[in-house]
Amino acid sequence: MTAAFTPRSGHPVARAVACVHEALDGVVDAPVWSLDAAEAGAALLELTSEIARLQELRLRVAAQADVVEVGAAVGATSTANWWAHEARLTRPEAHRLMRLARALDTPRHDPVRDALAAGRVHLDQAQVVVDAVDDLPAEYADDETRLRAEEFLLGQARHHDAIALRRLGRRLIEVIAPEHADAVEAARLEREEAAARAAARLTMSDDGHGKTHGRFTIPTHHAAMLRTALLAIAAPKHQQAVNGAGAGERRPGPERLGQAFCEYLERYPADRLPDAGGVAATIVVTMPLDSLLGGLRAAQLATGETISASEARRLACQAGIIPAVLDGAGQPLDVGRTRRLFTKAQRTAMALRDGGCTAEGCDWPPGLCHGHHAIPWHLGGESCLANGRLLCPRHHARAHDPAYETKVLPGGKIAFHRRC
C-alpha cells in the first residue's frame with residue numbers, strides 16, 4: 001500500500017492544498033506569544049472555523065476516493081482501511097469519517113455539508129445532525145420533513161455543542177410530528193433498553209498483584225443508579241466524616257469513586273442476595289486460629305484469593321464475609337454465623353446509650369458510627385446490645401488493627417495504645 005491519491009497539479013483541490021501548505025509554512029515560526037488577548041481569541045475562533053472547512057473538503061475527497069476505489073490497486077480491502085494505513089489513523093476513526101463522507105455526499109444532507117463547508121458547524125456537530133435526521137421514523141418523515149428537521153438542528157448548532165445538540169436530536173420528533181412524539185419516544189426507549197439489557201457485559205481480570213481490573217457495559221439507568229450510590233459515598237461530606245477534615249474534595253475523581261465502589265461492595269447486605277447452591281451468596285474466609293486472635297498469617301478467600309489477617313478481621317465485623325477458623329492441621333474448627341449485624345433497634349438503643357463514638361476524645365455522632373462487637377463476632381461474641389458499642393469508622397478500623405491494644409476505661413469509653 002504505497003500509492004496515494006494525488007489530484008492533477010492544475011486541479012482546484014491540488015491548488016487549495018498547495019495554498020494551505022504555503023500559508024502554514026509561513027507561520028511555522030510565527031511568535032504567537034506576541035498576540036494580545038483580543039488577537040489570540042479572534043485567531044482561535046477563525047482557525048476553528050477554517051479547520052471545519054478543511055474537514056468538509058477532506059470528507060468530499062474521501063467520498064470520491066471511495067467511489068473510485070482508492071487502494072484497490074494495492075490490495076486494500078476498502079478505501080477506509082487504505083486511508084487508516086496510509087494516514088496512520090485508527091481503523092474505527094477512518095471508518096467513522098468515511099461513513100460521514102458518504103452521508104454528506106447524498107443530496108438529502110446538502111444543508112449539513114454546506115454548513116460545514118462554510119465553517120458554521122464543526123465536524124462532531126455535523127455527525128450529530130446527520131445521525132439524528134437519519135434516525136427519524138420513516139412513517140413520520142418525508143423528504144420535506146427531514147429537510148425541515150435538519151435546518152432546525154443546524155440552527156440550534158449556533159448555540160449548542162455536539163453533546164447538547166445530540167440531546168435535542170433525540171427529541172427531534174417533537175419538532176416534526178409533535179402529536180406522535182410520546183408514542184415514538186416510548187418505542188425508542190423500549191428498543192434502547194432492550195438492546196442495553198442484551199448488551200450488558202462485565203469482565204474482571206486479576207493481575208496477580210492484589211488488584212483486579214474490569215470493564216462493564218450496563219443500561220444507562222442502571223449506571224445512573226450506581227453513580228448516585230457511589231457519589232453519595234464519595235461525597236466530601238461523607239468522606240470528611242469518615243476520614244477527617246481535609247479528606248473531601250468538591251468533585252470526586254476516579255480514585256475516590258474507586259474507593260467508594262469498594263465501600264459500596266462492603267456495605268451491600270449479603271442477606272439480600274439470591275441463594276447460590278442453597279446458601280446465601282457470601283464470601284467465606286479461611287484463616288488459622290492464631291490469625292483470628294491477632295496473628296499475621298494471611299487469610300484465604302473461598303475463591304482462592306488471599307488477604308491480610310487484619311483485613312479479614314475488619315471485614316468479619318462489618319462486611320459480607322463468614323470466617324471459617326482452622327486448627328494447626330488445617331481442619332475447620334468453626335464456621336462463623338452469617339447473622340451478625342446489629343438490628344436497627346439495637347443501633348437505636350446504642351445511639352441513645354453511647355451518644356456517639358465510644359473512643360476516648362472522639363465526638364462523632366451516632367449516625368456516622370459503626371456497630372462494633374466488644375467480644376469480636378468471629379470469636380463468638382453475640383450481636384446483642386450488651387456486646388455492642390458505637391465506633392466511628394476510623395476507630396472501628398483501629399479496633400481491628402493488631403498494632404493497637406484496646407483498653408476499656410471507667411465510664412465505658414475505650415482507649416487505644418500502640419503495642420510495643
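Side chains included, hydrogens not; waters and symmetry mates left out as well; all remaining heavy atoms used.
M98 contributes atom CE, which lies 7.5 Å from atom OG of S78 (distance to the nearest 0.5 angstrom). Considering NE2 of H160 and CG of L168, their distance stands at 5.0 Å, rounded to 0.5 Å. With values rounded to the nearest 0.5 angstrom, L104 atom CG is found 7.0 Å from L116 atom CG. Going from atom NE2 of H95 over to atom OG1 of T79 covers 9.5 Å, rounded to the nearest 0.5 Å. Interatomic distance, L123 CG to L100 CG, rounded to the nearest 0.5 Å: 6.0 Å. Taken to the nearest 0.5 Å, the CD1 atom of I414 stands 5.5 Å off from the OG1 atom of T406.
Between the side chain of T217 and the backbone N or O of R201 there is no donor-acceptor pair closer than 3.5 Å. In this structure, R389 contributes its side chain and N387 its backbone to no donor-acceptor pair below 3.5 Å.
Considering only residues two or more places apart in sequence or on other chains, D363 meets the side chain to side chain contact (heavy atoms under 4.5 Å, CB included) condition with none of them. With sequence neighbours excluded, no residue forms a side chain to side chain donor-acceptor pair (under 3.5 Å) with H222.
Under the 4.5 Å side-chain criterion, counting only non-hydrogen atoms from C-beta, R91 is in contact with N81. Put simply, the side chain of C357 reaches to within 4.5 Å of the side chain of L391, judged on heavy atoms.
Listed by first and then second residue, the salt bridge (charged side-chain N to carboxylate O under 4.0 Å, His left out) pairs that reach into residues 162-172 are R170-E192, R171-E174, R171-E185, sequence neighbours excluded. Within the structure, side-chain hydrogen bond (donor to acceptor under 3.5 Å, both in side chains) pairs that include any residue of residues 109-129 comprise E56-R113, H109-D134, H109-E150, Q127-D131 (at least two apart or interchain). Counting only residues at least two apart or in different chains, salt bridge (charged side-chain N to carboxylate O under 4.0 Å, His left out) contacts with residues 34-52 comprise E50-R53.
Within a 6.0 Å radius of CZ in F416, other residues, nucleotides and ligands contribute more than 12 heavy atoms. Dense packing is recorded around CG of L24, with more than 12 heavy atoms of other residues, nucleotides or ligands lying under 6.0 Å away. Within 6.0 Å of NE2 in H21 there are 12 or fewer heavy atoms belonging to other residues, nucleotides or ligands. Within a 6.0 Å sphere centred on CD of E93, other residues, nucleotides and ligands contribute more than 12 heavy atoms.
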Tabulate below the donor-acceptor pairs under 3.5 Å that side-chain atoms of residues 207-216 make, not counting sequence neighbours, or state none.
residue, atom, partner, partner atom, Å
D207, OD1, H209, N, 2.8
D207, OD1, K211, N, 3.3
D207, OD2, H213, NE2, 3.1

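Between H372 and H396, the ring-plane angle classifies as perpendicular under the 30° and 60° cut-offs.
For the residue pair D354/T358, the side-chain donor-acceptor check at 3.5 Å is not satisfied.
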